[in-house]
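See below for the structure under consideration.
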Amino acid sequence: MISTTTLTAGVLALQGDTQEHLQVLRACGVMARPVRRASELDGLAGLTIPGGESTAMDRLIRAFELEQPLRDFIRSGKAVYGSCAGMILLADKVLDPALDGSGAPQRTLGGLDIAVRRNAFGRQRESFETAVRFTGISAPQRPVHAVFIRAPWAERVGSGVETLAEVRIEGANRAVAVRSGNLLATSFHPEATGADGVAAEPRVHELFVRMMKQEL
């Protein structure tokens, strides 16, 4: 068994809530460092793609010449976790892609056989917090405190993708956490502290760490 203390996780640090993910990962007992260059992927046991603005992250990934190195990392079999914008970037398809300055639709890194809808729950003013049932984590009988900020959902989930959590809205269950092999994604922010002062939810990152250790 691989010791947790020997593992290093990276957090993509081009845009978004990098520091919050770094803090939760370190609290889970692994070393964690920001990633801005392809060379900084070397030696990582896993990578987190944080929440932020998916279109800005797409542009910056290309500007920093990270697109192919990130695709290669995702396909290497190492654990990758994407939250919110990270879920969009891991999706194979975006149903409502934004357009860049040239009029071309935003691109994703892919890897997860899901189709996501951006800002599915609404804009910034429709952000909300709720408790969701989440399978595959420790103490699954205790709901996860989930913070949704301009969040996507997975509108289509492929046959090889497991839905770990759903939110029921407008009469339909929407997938807000999914996993396929080494890839994990949530549409919410478990690294965030809620408006009511509820501390960050570590159990999603603990699942990611177990995936890094290849225990699951």
Side-chain angles (χ1 to χ4, degrees), residues 7-28 30-76 78-94 96-112 114 116-120 123-124 127 147-152 154 177-178 182-193 200 204-205 208-209 211-212:
L7 298 176
T8 300
V11 179
L12 189 64
L14 302 180
Q15 193 265 347
D17 51 349
T18 301
Q19 289 302 318
E20 292 86 346
H21 281 284
L22 289 169
Q23 290 169 6
V24 179
L25 286 166
R26 289 164 182 162
C28 289
V30 299
M31 294 182 286
R33 67 175 188 237
V35 172
R36 297 182 182 89
R37 300 175 181 84
S39 61
E40 293 170 339
L41 293 167
D42 295 342
L44 296 181
L47 177 71
T48 294
I49 304 175
E53 174 50 60
S54 63
T55 53
M57 292 173 76
D58 172 35
R59 291 193 299 270
L60 290 168
I61 284 169
R62 283 180 273 164
F64 280 73
E65 299 183 342
L66 275 166
E67 185 173 14
Q68 192 57 50
L70 287 171
R71 288 180 186 273
D72 292 343
F73 191 94
I74 289 166
R75 287 154 181 75
S76 72
K78 294 182 179 180
V80 181
Y81 167 45
S83 69
C84 198
M87 176 188 243
I88 295 170
L89 287 169
L90 286 178
D92 282 345
K93 183 175 180 59
V94 181
D96 53 346
L99 302 180
D100 63 19
S102 67
Q106 71 181 104
R107 293 188 286 191
T108 71
L109 299 168
L112 270 175
I114 60 175
V116 298
R117 188 169 296 282
R118 298 169 56 252
N119 301 324
R123 307 297 295 180
Q124 188 79 21
S127 299
V147 179
F148 292 83
I149 304 171
R150 296 179 62 188
V178 295
N182 63 306
L183 305 181
L184 173 69
T186 63
S187 64
F188 55 88
H189 295 262
E191 78 286 356
T193 299
V204 177
H205 288 78
F208 172 59
V209 170
M211 291 169 59
M212 288 170 57

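We're numbering straight along the sequence, starting at 1.
- For the pair Gln19 and Leu22, the minimum side-chain heavy-atom distance is below 4.5 Å.
- Here Asp58 contributes atom CG and Thr108 contributes atom OG1; the two are 8.5 Å apart, rounded to the nearest 0.5 Å.
- Note: Phe208 and Tyr81 have tilted aromatic rings, judged against thresholds of 30 and 60 degrees for the angle between ring planes.
- Under the side-chain contact (heavy atoms from CB on, under 4.5 Å) test applied with Val80, the options Leu44, Leu90, Leu109 reduce to a single match, Leu90.
- Formation of a donor-acceptor pair under 3.5 Å by the Asp92 side chain with backbone atoms of Gly111 is found in this model.
- In this structure the side chain of His21 reaches within 4.5 angstrom of the side chain of Ser83, judged on heavy atoms.
- Looking only at side-chain heavy atoms (C-beta outward), Ser187 and Cys84 stay at 4.5 Å or farther from each other.
- A heavy-atom distance below 4.5 Å is not found between the side chains of Leu112 and Met87.
- When all heavy atoms are compared, the tightest approach of Val209 to Cys28 is CG2-CB, 4.1 Å.
- Rounding to the nearest 0.5 Å places CG of Leu184 at 9.0 Å from NE2 of His205.
- Scanning all heavy atoms of the two residues, the minimum distance from Pro190 to Phe188 falls at CD-O, 3.2 Å.
- Here the shortest heavy-atom pairing between Ser127 and Ile149 reads OG-CA, 3.4 Å.
- Rounding to the nearest 0.5 angstrom, the gap separating the OG1 atom in Thr48 from the CG atom in Asp17 is 10.5 Å.
- Looking at Met57 and Ile88, their side chains never come closer than 4.5 Å, going by heavy atoms from C-beta outward.
- Taken to the nearest 0.5 Å, the CE atom of Met31 stands 12.0 Å off from the CG atom of Leu25.
- Pairing each heavy atom of Ile74 with each of Asn182, the nearest pair is O-ND2, 3.2 Å.
- Between the side chain of Arg33 and the backbone N or O of Glu40, at least one donor-acceptor pair lies under 3.5 Å.
- Note that CD of Gln15 and CD1 of Ile61 are 10.0 Å apart. Values are rounded to the nearest 0.5 Å.
- In this structure, Leu70 and Leu47 have side chains that are in contact, with non-hydrogen atoms separated by less than 4.5 Å.
- Looking at every heavy atom in both residues, Leu7 comes nearest to Ala45 through CD2-CB, 3.8 Å.
- In this structure, Ala13 and Thr18 approach most closely via the heavy-atom pair CA-OG1, 3.4 Å.
- Within 6.0 Å of atom CZ in Arg37, 12 or fewer heavy atoms from other residues, nucleotides or ligands are found, so the atom counts as exposed in its surroundings.
- At least one side-chain heavy atom of Glu67 sits under 4.5 Å from a side-chain heavy atom of Arg107.
- In this structure, CD in Gln106 is found 8.0 Å from CD in Glu53, a value given to the nearest 0.5 Å.
- The shortest distance between side-chain heavy atoms of Asp72 and Leu41 does not fall below 4.5 Å.
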